[in-house]
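Worksheet: the structure to be examined is printed underneath.
FYI, the numbering just counts along the sequence from 1.
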Amino acid sequence: MEKIAFLGLGRMGLPMARRLADAGHPLTVWNRSPGRADGLTEAATPEEAVRGAAVVVTMLSDPQAVTEVARRFAAELAPGTLWIDMSSIGPAATAGLRAGLPDGVALVDAPVMGSVGPAATGDLVVFAGGEDADLDRAQPVLERLGRVRRCGGPGSGAALKVVVIGAIVASVTVVGEVLAVAEELGVPQELAREVLAAGPLAGVVARAHSADSDFPVRLAAKDLALAGGGRVLSAAREALLADPSIADEDLSAVVGSLRRR
């Protein structure tokens, strides 16, 4: 199996890296805050992590983080290296990474849908974009992490992630707001929730009340920002950012936050 460097051991990154190690891949990991390797072979720097790796996987928080870390390790990537960026950074940032690739290095954008539980069990949904040959090479790695949906050429995975997560985050925010309206009008919460869950918003209502997910509100707001300045998505982002106390809580916390206002 090809040697892999995995950079970013946050909520999602650590269980994903663990799955690759458990599959038998020679693996070196790195994280901005050291000490999170949980028994995996840990490098002191991104440069050290990627040396000799045939595949580099990044799972970082936002475009700025990916760009900063890439500046540190890019010069160490040898021709023939495949870089799989699984961060949610949008197509514009992905295009910037691609423009700065050393000669002979390939990039696949492969952001994921799912939370910590699916990351640990290999049940994420992976939106993969890139050249066909690069996607073929990335497939065995990505299949270990989830169900792979090939989206098309470079940047297409990053673009689809922005579309899908924007719809989900904004919809959960709307559910939180209409439940706040129900409270103001004297409609019992359980009744409002039951009727909403019986209609076309069933999946959104379930996500709005999930107790098993771990997708911080601050990252949900970041994902909405990647979608640009549409009025509805911008309003949803403002609603998410209005209560700083829930920034590190799961997206479902926005429901209670809106009801308190």
Side-chain angles (χ1 to χ4, degrees), residues 10-12 61-63 86-93 111-121 123-127 146-147 149 151 156-261:
R11 288 174 170 89
M12 300 286 288
S61 59
D62 55 39
M86 306 192 74
S87 317
S88 294
I89 62 172
V112 302
M113 293 295 302
S115 190
V116 175
T121 59
D123 291 316
L124 296 169
V125 176
V126 183
F127 296 144
R147 301 183 300 281
R149 177 66 181 263
C151 304
S156 60
L160 183 59
K161 172 63 186 287
V162 169
V163 171
V164 175
I165 199 64
I168 292 172
V169 172
S171 297
V172 168
T173 308
V174 168
V175 166
E177 189 161 85
V178 296
L179 288 175
V181 170
E183 190 166 59
E184 292 173 3
L185 297 178
V187 177
Q189 287 291 300
E190 286 304 314
L191 175 60
R193 179 176 167 180
E194 177 185 342
V195 174
L196 287 169
L201 292 175
V204 177
V205 173
R207 178 61 185 87
H209 293 88
S210 173
D212 302 320
S213 300
D214 188 4
F215 177 39
V217 168
R218 59 182 173 80
L219 294 184
K222 176 266 298 182
D223 284 345
L224 288 181
L226 294 175
R231 293 180 181 177
V232 173
L233 298 186
S234 295
R237 183 170 181 267
E238 290 176 8
L240 294 180
L241 295 174
D243 185 354
S245 70
I246 65 171
D248 288 312
E249 296 184 38
D250 178 65
L251 176 62
S252 58
V254 73
V255 176
S257 176
L258 289 169
R259 286 176 57 194
R260 290 195 301 268
R261 293 178 200 170

What is the minimum heavy-atom distance between [X] and [Y], and which atoms define it?
X      : Y      : answer
Ser257 : Asp243 : OG-OD2, 2.9 Å
Ala202 : Ala197 : CB-O, 3.1 Å
Leu241 : Ala221 : CD2-CB, 3.7 Å
Ala239 : Thr173 : CB-CG2, 3.7 Å
Gly114 : Met12  : O-CE, 3.4 Å

Interatomic distance, [X] atom [atom1] to [Y] atom [atom2] [nearest 0.5 angstrom]:
X      : Y      : atom1 : atom2 : value
Met113 : Ile168 : CE    : CD1   : 3.5 Å
Asp214 : Leu251 : CG    : CG    : 11.5 Å
Met86  : Lys161 : CE    : NZ    : 9.5 Å
Leu191 : Leu196 : CG    : CG    : 9.0 Å
Ser61  : Arg11  : OG    : CZ    : 11.0 Å
Leu179 : Glu190 : CG    : CD    : 9.5 Å

### Message
Going by salt bridge (Lys or Arg N to Asp or Glu O under 4.0 Å), name the residues that satisfy it together with Arg193, two or more places apart in sequence or in a different chain.
### Response
none
### Query
Does one side chain, of Asp212 or Ser210, offer a donor that lies under 3.5 Å from an acceptor on the other?
no
### Task
Answer yes when Lys222 and Asp62 have at least one side-chain N-carboxylate O distance shorter than 4.0 Å, and no when they do not.
no
### Query
Does the side chain of Ser171 reach to within under 4.5 Å of the side chain of Arg207, using non-hydrogen atoms?
no
### Query
Okay, side chain of Asp250, backbone of Phe215: is any donor-acceptor separation there less than 3.5 Å?
yes
### Summary
Test side-chain contact (heavy atoms from CB on, under 4.5 Å), reference Glu177, set Leu258, Val172, Val255, output is Leu258
